[in-house]
Amino acid sequence: MDTAALLIIEVLNGIASLALACAGLAIIFGMMRVINFAHGEFMMLGAYTTVVCTKTLGINIWISMLIISPIIVGIIGIIVERTFIRFFYGRMIDTLIATWGLSLLLIGIVTAIFGNIIEGVSAPMGSFEVGVYNVSQYRMVLIGIVILLFIGVFMVLTRTKLGLIARGTMQNPAQASVLGISTQRVYMVTFAVGAALTGLAGGLLAPISQVIPTAGAAYVAQTFITVITGGTGAVTGTLVASGVFGTVRQLLSYEFTPVLGGVGLLIVAVVMLRLLPQGITGKIFRRSL
């Protein structure tokens, strides 16, 4: 029973971590169709922001993770969008190449500042016992934060004027422009929100992962696979795909090794994309957000 309970907690944590890492990409790629190959580096910047604020500036870790990291990365997102992303809308391959170059630039800048060494912060809170096992309380809180985050994103996109304008602009920018909506401003704000969510993910995952300049590479493949498999639904698709892939990865990692867990995730993704070429929300949860 103790092992089963621990495994359930680990699976839920794996699902939550994957969904959190995909949240910003679900906005930038899922809604805007911009291939942000620097997604992992945005997460890395969020993680380093938390490390610097906590260890160097002595700021409370919760403030660093939940407030400062998303704000800093969101501002960087605005600069990136205004500087060159806005010239590549509708040209997906061009955005891939441009953001790949950006990822290399960010890795180089962070390496020059911090060096190629592993940084990190201690997870807040303590642990609790599940039979003979100790489980981090922070990991349980992280699951709750992810649930609240996706509820918040869903409510903003479906219940607020800003969310409705953003969705309408992404679906038909020409019609939105005719109605007097500044599409350039909507794109800028949407990209900034996606970047901020990515920075939030990096900050929240910093206490339970290694923080190095190349850390973003570990997230790019699995997040893109998850968002693409999820389909057009930024919320529903991402959550369902994260649930499937997170479960597969954690179970295989527990039974075998993390490497086989990653391989299993890839195999399941290939099978699902073969069976559901339009993604989960394109075939099963149609017209869902």
Side-chain angles (χ1 to χ4, degrees), residues 14-44 46 73 77 81 85 88-90 92-93 95-96 98-100 102-103 146-147 149-154 156-157 163 166-167 170-171 187 190-202 204-205 216-249 262 264-289:
I15 294 172
S17 298
L18 183 57
L20 178 62
C22 292
L25 190 63
I27 300 295
I28 293 176
F29 177 71
M31 289 182 59
M32 302 179 68
R33 313 314 295 174
V34 171
I35 302 179
N36 181 20
F37 210 71
H39 174 73
E41 281 61 51
F42 281 11
M43 289 186 64
M44 177 265 292
V73 180
E81 197 277 340
I85 290 294
F88 299 112
Y89 288 130
M92 295 181 65
I93 301 301
T95 61
L96 186 154
T99 55
W100 176 63
L102 175 64
S103 72
V146 173
I147 293 173
L149 174 64
F150 274 87
I151 291 175
V153 171
F154 180 82
V156 169
L157 291 177
R167 292 168 59 196
M170 302 309 156
Q171 293 174 7
Y187 277 115
T190 304
F191 192 91
V193 170
L197 289 176
T198 306
L200 174 66
L204 288 171
L205 293 176
Y219 294 101
V220 171
Q222 57 185 334
T223 52
F224 266 101
I225 288 172
T226 303
V227 173
I228 292 172
T229 306
T232 56
V235 177
T236 306
T238 301
L239 286 176
V240 174
S242 296
V244 174
F245 295 149
T247 301
V248 170
R249 184 182 63 183
L265 185 153
L266 179 61
I267 293 174
V268 172
V270 171
V271 173
M272 290 186 66
L273 287 174
R274 180 66 180 85
L275 297 175
L276 306 171
Q278 294 180 333
I280 294 172
T281 51
K283 183 69 174 179
I284 300 176
F285 301 100
R286 293 182 178 179
R287 298 183 179 180
S288 58
L289 177 62

Verdict with supporting geometry, L197 and L149, side chain to side chain contact (heavy atoms under 4.5 Å, CB included): CA-CA 9 Å; L197 289 176; L149 174 64; 3.6 Å; yes

Who are the side chain to side chain contact (heavy atoms under 4.5 Å, CB included) partners of M43, not counting sequence neighbours? A21, H39, T198, A201, L205, Y219

Which atoms form the tightest heavy-atom contact between C22 and T238, and what is the distance? CB-CG2, 3.7 Å

For I28, check side chain to side chain contact (heavy atoms under 4.5 Å, CB included) against everything at least two apart and list the hits. V34, N36, F191

Please name all residues satisfying side-chain hydrogen bond (donor to acceptor under 3.5 Å, both in side chains) with Y187, sequence neighbours left out, ordered by chain then number. none

Nearest heavy-atom approach of S103 to E41 is CB-OE1, 3.1 Å

Distance-minimising heavy-atom pair for A269 and I225: CB-CG2, 3.2 Å

By side chain to side chain contact (heavy atoms under 4.5 Å, CB included), which residues pair with V268, not counting sequence neighbours? V244, F245, V248, M272

Between CZ on residue R33 and CE on residue M92, distance to nearest 0.5 Å: 5.0 Å

Passes side chain to side chain contact (heavy atoms under 4.5 Å, CB included), Q222 versus R249? Steps please. CA-CA 11 Å; Q222 57 185 334; R249 184 182 63 183; 2.5 Å; yes

Working to the nearest 0.5 Å, report the span between CD1 of I27 and OG1 of T190. 8.0 Å

List for me each residue that meets ring-ring contact (aromatic ring centres under 6.0 Å, His included) alongside F224, sequence neighbours excluded, and say none if there are none. F29

Value rounded to 0.5 Å, distance of OG1 in T226 from CG in L25: 9.0 Å

Please determine whether side chain to side chain contact (heavy atoms under 4.5 Å, CB included) holds for the pair L102 and F42, giving the CA-CA distance in whole Å, both sets of side-chain angles, and the decisive distance to 0.1 Å. CA-CA 10 Å; L102 175 64; F42 281 11; 4.2 Å; yes

Given 3.5 Å as the limit, does a donor-acceptor pair link the side chain of T99 with the main chain of F37, or not? yes

What's the separation between atom CD1 in I280 and atom CD1 in I228, rounded to the nearest 0.5 Å? 12.5 Å

Residues in side chain to side chain contact (heavy atoms under 4.5 Å, CB included) contact with L239, at least two apart in sequence or another chain: A19, F150, V235

Please evaluate residues L157 and M31 with respect to the criterion side chain to side chain contact (heavy atoms under 4.5 Å, CB included), reporting the C-alpha separation (whole Å), side-chain torsions for both, the decisive distance (0.1 Å), and the verdict. CA-CA 11 Å; L157 291 177; M31 289 182 59; 4.2 Å; yes

